[in-house]
Every structure is written in structure tokens, then in C-alpha cells.
Amino acid sequence: MSEAIQTLAVDIGGSGIKVMVLDEQGNPLSERDRIDTPLVPTPEAVLDVVQQLAGNKTFDRVSVGFPGVVRCGITETAVNLHPDWIGFDLANALIKQLGKPVRAANDADIQGLGAIAGGGVELVVTLGTGFGSAMFLNGRLIPNLELGHHPFRKGETYEQQLGRAALDEAGKRRWNSRLERAIDQLEYTFSYDSLYLGGGNTKKIEFILPANVKIVPNVTGLLGGIALWRD
Ligand code: BGC
């Protein structure tokens with residue numbers, strides 16, 4: 001009998017880089033390890049951190065979530081990282097570095113793949129350094145939604161009003177009232193069946209969420225990595 005395949009799930013974030021090893025069903029086989037994102041987060045600096053985190057782990061393949069548009073393994077935007085990521089071949093760089101097959105996708109898309117139930121219209125929003133978004137119809141992803149950079153209110157985007165910098169600047173109370181309005185607006189825009197909220201700043205939410213809105217745990221951002229290997 002062949003050995004079970006182990007997947008290294010990597011989540012590159014604006015403030016932390018996280019990894020975890022998953023079994024074929026997507027269950028964790030290791031702790032979730034984290035190192036702060038380098039202050040100057042160039043591809044080289046970030047890949048060095050991934051190397052450090054992967055160094056002591058055994059795995060057969062790699063799934064990586066990236067905070068920007070990812071197409072065919074190439075990172076096309078990187079608002080909260082470094083301009084050197086634009087046009088960078090992330091998947092091939094990691095194949096060379098780690099010597100294993102690699103699949104790469106947007107971080108919110110991966111979080112969504114780990115969160116959704118697979119029926120109807122499901123929207124996923126991640127509240128971290130940036131504002132991530134992912135949309136699914138009957139479990140099928142529409143990749144690279146990038147709602148975060150669309151206008152929300154007062155001439156600002158969702159990310160400018162609800163990202164980490166906005167939370168620090170406006171404070172928890174104003175951020176919560178903005179988030180409540182954003183949820184209303186998103187429901188009008190998409191008439192989703194379910195909305196999932198992920199990311200570290202969900203712990204700052206202080207209002208009662210509508211019945212079709214759920215908070216998903218942080219680890220979902222890694223667990224969804226297994227879905228990239230479902231063909
Ligand atoms: C990026 C998205 C990403 C989100 C969360 C945004 O600034 O444009 O691609 O999903 O941040 O990391």
C-alpha cells in the first residue's frame with residue numbers, strides 16, 4: 001500500500017506567514033507554525049521564511065495562499081506586500097526551493113475552500129491586514145474576486161475602511177459599525193445564502209451577526225489548501 005500523501009499548507013499574510021501539514025482529507029498532521037512577515041516583504045525575504053518553516057517538516061506537495069491575485073502560479077498584485085511580487089512566478093520558485101509540486105491561489109480563495117458548505121451562493125470575507133473575498137456557486141470558486149479594492153463608502157474601498165490600518169486608526173467601535181454596514185451592502189449586492197467571515201480581526205467583532213453570517217476559525221486559511229489538489 002502506498003504511503004498517505006502529506007500536504008504542506010502555507011499561508012502568506014501581510015503580518016504573518018503560517019504553515020501546517022495536512023493529511024489527504026485536510027486534517028492537521030502538525031501544529032500551525034507562524035513567523036512574522038519580514039518588514040521588507042520581497043519574494044526572496046518571504047521565501048526564506050517559508051524555507052525556515054518548512055525545514056523541519058515532512059511533506060509530498062505544497063499549497064500556498066497569497067494575499068493578491070494569483071493566476072497560473074504567478075502573483076499579479078500585492079497591495080500589502082512588496083511591488084517585486086507583481087509578475088513573480090511563486091509556484092515555480094517554491095518548486096525549485098522545496099523540490100515538491102506546488103499549487104498557489106489567492107489567500108481568501110483558499111480560506112473559502114476550507115469554510116464553505118458547497119451549496120448555493122456562498123461569499124467569504126477575510127478581515128486581516130487586507131480585506132479578502134471569495135465567492136462560490138454550489139461549491140465552485142469564482143477566483144480572485146478582489147472586492148476589497150471596490151468602493152464601499154465615503155470615497156474609500158472596503159479595505160481602506162475595514163483593513164487592519166483602518167481598525168487601528170478608527171478604533172474598534174467605528175470599525176464594528178462600518179462592518180455592520182458592509183455586511184448589509186454585501187447582502188444587497190450578492191443575495192448570498194451564506195457569508196463566512198475569517199481572518200484574525202474577526203475576534204474584534206462586537207455585534208450580533210445575522211443568521212446567515214458565520215465566523216470561521218483562523219486555521220481555515222490553511223485547511224482549505226487541500227482543496228487545490230481536488231481535480
Ligand atoms: C488583496 C487580496 C487578499 C486580501 C487579504 C487584499 O489587499 O488584494 O488579494 O485576498 O488583501 O489578504
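Along the sequence shown, residues carry numbers from 1. Every number for a ligand or one of its atoms is a count from 1 in the order of the listing.
Remark: of the listed residues His149, Gln185, Arg153, Gln185 is the sole one forming a side-chain hydrogen bond (donor to acceptor under 3.5 Å, both in side chains) with Tyr158.
Interatomic distance, CZ of Arg34 versus NZ of Lys18, reported as 6.0 Å (0.5 Å rounding). A distance of 9.0 Å separates CG in Leu94 from CD in Gln51, rounded to the nearest 0.5 Å.
Proximity to Gly132 (heavy-atom distance under 4.0 Å) selects the following atoms of ligand 1: 4 (C), 5 (C), 10 (O). For ligand 1, the atoms closer than 4.0 angstrom to any heavy atom of Gly130 are 11 (O). Close approach of ligand 1 to Asn106 is summarised as follows: ligand atoms under 4.0 Å from at least one heavy atom of the residue are 2 (C), 3 (C), 9 (O), 10 (O).
Neither the backbone nor the side chain of Asn144 has a heavy atom within less than 4.0 Å of ligand 1. Residue-level proximity to ligand 1 for Thr77 is absent, since no heavy atom of it falls below 4.0 angstrom.
Linking ILVMFWY side-chain heavy atoms closer than 4.5 Å, directly or via other members, places Leu53 and Val46 in a single hydrophobic cluster.
Any N or O atom pair closer than 3.5 Å counts here, and Thr126 shares no such pair with ligand 1.
Heavy atoms only, all atoms of each residue included: Ile17 and Val50 are closest at CG2-CG2, 4.1 Å.
Judged by the shortest distance from any of its heavy atoms, Gly68 lies inside the 4.0 Å radius around the atoms of ligand 1. The closest approach between a heavy atom of Asp107 and any atom of ligand 1 is below 4.0 Å.
Taking all heavy atoms of Glu146, His149, Glu159, Glu76 into account, the minimum distance to atom 11 (O) of ligand 1 is reached by Glu159.
Counting heavy atoms from C-beta on, the side chains of Phe66 and Ile110 never come closer than 4.5 Å. Tyr192 has its side chain out of reach of Glu122: every pair of non-hydrogen atoms, C-beta onward, lies at least 4.5 Å apart.
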